[in-house]
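Here the structure is laid out as structure tokens; the discussion comes afterwards.
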Amino acid sequence: MPENTPLLSVRDLSKTYQAASGPVEAIGSITFDVRPGELVCIVGPSGCGKTTLLKCLAGLLAPTSGSVTLDGAEVREPPKKMALVFQEYGRSLYPWLTVRDNVALPLKARGVPKAERQALVERAVEEVGLGHAMTTYPWQLSGGMQQRVAIARAVAYQPEILVMDEPFAAVDAQTRADLEDLVRRVWKDLGVTVLFVTHDIDESVYLGERVLVLSSSPTFVQEDLTVDLPAERDQLTTRALPRFTELRTHVYEQIQRAKRGEAVAATP
Amino acid sequence: MQLTDTVAGPGPGGVAPGDPAGTGPRAGGRRGARRPGGSAVLGGLGVVGFALTWEVVAWAQVVDPAYLPRFTTTAARLVTELGEPRFWSALGDTVVTWGVGLAIAVVAALVAGAVIGLVPFLRRATRSTVEFLRPIPSVAIIPLAVLVAGLSREAALVIVVYAPFWQVFIQVLYGIGDVDTVADDTARSFGLGRLQRLRHVVLPTALPYVITGFRLAASIALVLTITAELVIGNPGIGRQIDVYRSAPDAPGLYALVLVTGGLGLLVNLVTRLVERRVLHWHPSVRREAAA
Amino acid sequence: MSTVRRSLTSVGYAAGLPVLLVLAWALATRGTANLYYPAPSRVLDAFVSTWLAPATLTRDVLPSLGRFGIGVLLAITIGVVAGTAIGATPWLRALLEPMLEFFRAIPPVVLVPVLMLLLGIDDTMRLAVIVSGSVWPVLLNTIEGVRGTDPVLTDTSRSYRVRGALAYRYVVLPAASPQIMAGVRLCLSIGLILMVISEMFAASAGLGYQIVYFQRQYMIPEMWAGILLLGLIGVAVAAVFQLVERRVLHWYHGSREVARA
């Protein structure tokens, strides 16, 4: 793994909205790098502009200033090498398409030949454990299964980086644990880079190899923390490790400080 | 949930309140970023652009000016028309026919809808007949109405009442059908009587549907009033349009067409206001906010 | 056993009232010779002998239906294409919306005299009447449907670079289809009305013309039979629409049911 060439590079990114009451600074200035093959979690207090940040990374929203670079090229429109998983699974899947067609549509748009498309779709849907549900419609599935479909769609797209926006915020606890393990497995099996945004501190520590703690708005990176937990993680044993508890307490304190607005920028 | 429906649900084909299927745009899009100021300016530009295009096309005489007068000519004619007693009596006739027709349709539909809607047996027994009668185009009965009532307001009323009646009737059935069985059972378990349940459970649920039905019915009734006047020849704006057509008096014709459009907009606006007013204090509106 | 019984019951419910009504009509007109309300048997006779006669069919009924079909197809096509373009372009929408609302508020029938003046009295005018009157609900509902597309879906499509024709085919149009179909429903009933009305003015053939002709000639059973035919056409159009709608929007109805449960 080439350690020093980042896959994704965010430099002094800021975003200011023009609201009726005047300009609102959603993101102050954010700078960070993601290296190839990393699994990075971004965690921050609610309302800190996580979704805005993601939209800027994904080329869906133009930043007010600063830049986003993916694999050496500046992001100005949704990049080919990135796949997105949204929080609102119920609204990001096309309800008029079957599971198969939902996963296949982005590939069709990319011009992947039919036979190859089918193989990719089948492999991805199998990977998330929904091989039996190919011809059902998303709304016939439970919330957790719908989010699996969204993950399958992202995986089939063969991205270099997988960006997930609080994907499990709306599912129940048991489903959530399963989906977290699915993300770890996909990351390991496919060697894809993952950027995972969450407001859940435990989740960020359990999933991530690195955790970026954001301050409250106007947002900057408050801390860049390496998670030195073993690579093999397990919902029971990992979460019971003393180191896990230390890390989550640390992140928790950082978030509390961020909420109180006491934080000092970790990177000047 | 129901209140933000965009399409008639399954079953009798009613229209959920707030449904844009019948008229104008939904209040407030999901994208909140619209600037009303900017779009009002653009909309005004659109109106001016339309008038200009009309003026230029007429000026260039693409069509014989006897058939397409200029916009300015038409506008001037509209102003003179507004000064004529003839115009106002025609407008009065139209409004009376519309009002009477709408009132008859709404009252009849409320009574029939309530009786049939509340009695499951009647509801089931009348379904096929309703499904057959409702899509009959109202104009099909014009000859019959003329035959029975002559070239009169009464003949026009037959047509004006027909379609709006079904519109409201279906909405009443749909509204009563939407009553939450859990709420009804709860009310029953608390020992509420038939009348009390009607007042506290059925009415609040059905009211938004009825009001929406009323709004749609008011527009349909206006269209049919003018249609009847035009086809049957009973006094009103519609007949005046036909008089100007056969004269032929193109500026007069176009001026009155503009009047009918304005009348349609006015009815839309007023009924929408009524809808908002009535549903504003109503507890069922909370569901709309929650949806 | 019980399914047989259940289906018999539902047939009974469906047929009961219509049978009773026709019987009541037959009884009320028995023996009397009321000019305006002929017995159902006479209406039925007239229906077969006039409206189903080959001459009437080819001269009046089929051309009328043809104009209706072409007219509403044109209206739907124009409405969907223009509506998609306007709905997807915010400034165009803001520019045109007040004018479109005004045009929609004009009772479609007053376009008949206008178009008679502009185009003369012929089939083109009759077709133009149908199209210009029934295009508005489709157009405005399409604009509204396209505009109301869930922003999460739009973002999803953008992020996966689904765009151009593919996006219209698989995202924009399906997303707007519930609204579009509601507009189509209105378009069909307005189109049918305008087909009849356009033939009531200065025509020499057509369904609407024939009905008025029978009324003026006091051929009352024939007139009743014509009304019956129009009713049947209305019901048939509604039935076909329902079938198509169920197919096109099966996902919509399905997801609504799930959401409601």
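All values below were derived from every heavy atom in this structure, side-chain atoms included, with hydrogens, water molecules and symmetry-related copies excluded. Sequence lines set the chain letters: A, B, ... in the order given, protein chains first and strands last, and positions in each chain run from 1.
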field: Centroid-centroid under 6.0 Å between C:W25 and C:W224 rings
entry: yes
query: Any chance the rings of C:W136 and C:F102 have centres within less than 6.0 Å?
result: no
[X] portion near chain B, given a 4.5 angstrom heavy-atom threshold:
| X | result |
| --- | --- |
| C:V196 | side chain |
| C:I220 | side chain |
| C:L21 | side chain |
| C:F214 | neither |
| C:I193 | both |
| C:A238 | side chain |
| C:P98 | side chain |

Is it the backbone or the side chain of [X] that comes under 4.5 Å from a heavy atom of chain C, or both, or neither?
| X | answer |
| --- | --- |
| B:V139 | both |
| B:L253 | side chain |
| B:Y254 | side chain |
| B:F50 | side chain |
| B:A163 | neither |

Taking [options] one by one, which has the highest count of heavy-atom pairs under 4.5 Å against chain B?
| options | value |
| --- | --- |
| C:I106, C:V109, C:V112, C:L117 | C:L117 |
| C:I190, C:L229, C:L17 | C:L17 |
| C:V212, C:V114, C:L140, C:I233 | C:V114 |

message: Main chain of B:I237, side chain of B:T94: is a donor-acceptor contact present, judged purely on distance under 3.5 Å?
response: yes
query: Between the main-chain N or O of B:P69 and the side-chain N or O of B:T73, is there a donor-acceptor pair closer than 3.5 Å?
result: no
- prompt: What's the verdict on side-chain contact (heavy atoms from CB on, under 4.5 Å) for C:Y252 and C:M181, showing C-alpha distance, side-chain angles and the deciding distance?
  reply: CA-CA 11 Å; C:Y252 180 77; C:M181 289 309 279; over 6 Å; no
Below 4.5 Å, heavy-atom pairs only: which of [options] has the largest tally toward chain C?
| options | value |
| --- | --- |
| B:A125, B:G262, B:G264, B:G44 | B:A125 |
| B:I142, B:T126, B:V47 | B:V47 |
| B:T227, B:L147, B:D64 | B:L147 |
| B:V259, B:L266, B:L258 | B:L258 |
| B:I226, B:L230, B:I136, B:L45 | B:L230 |

message: How about OH on C:Y209, more than 12 heavy atoms from neighbouring residues, nucleotides or ligands closer than 6.0 Å, or not?
response: yes
- prompt: Is the number of heavy atoms from other residues, nucleotides or ligands within 6.0 Å of OH (B:Y67) greater than 12?
  reply: no
message: Applying ring-ring contact (aromatic ring centres under 6.0 Å, His included), can you list everything that pairs with B:F71, at least two apart in sequence or on another chain?
response: B:W54
message: Side chains of C:Q179 and C:T142: any donor to acceptor distance under 3.5 Å?
response: no
field: B:T212 and B:Q171 side chains, donor-acceptor separation under 3.5 Å
entry: no
message: I want to check something: taking the side chain as every heavy atom from C-beta on, are C:M195 and B:P137 in contact at a cut-off of under 4.5 Å?
response: no
query: Does the distance from a Lys or Arg side-chain N to an Asp or Glu carboxylate O, for B:R245 and B:D242, drop under 4.0 Å?
result: yes
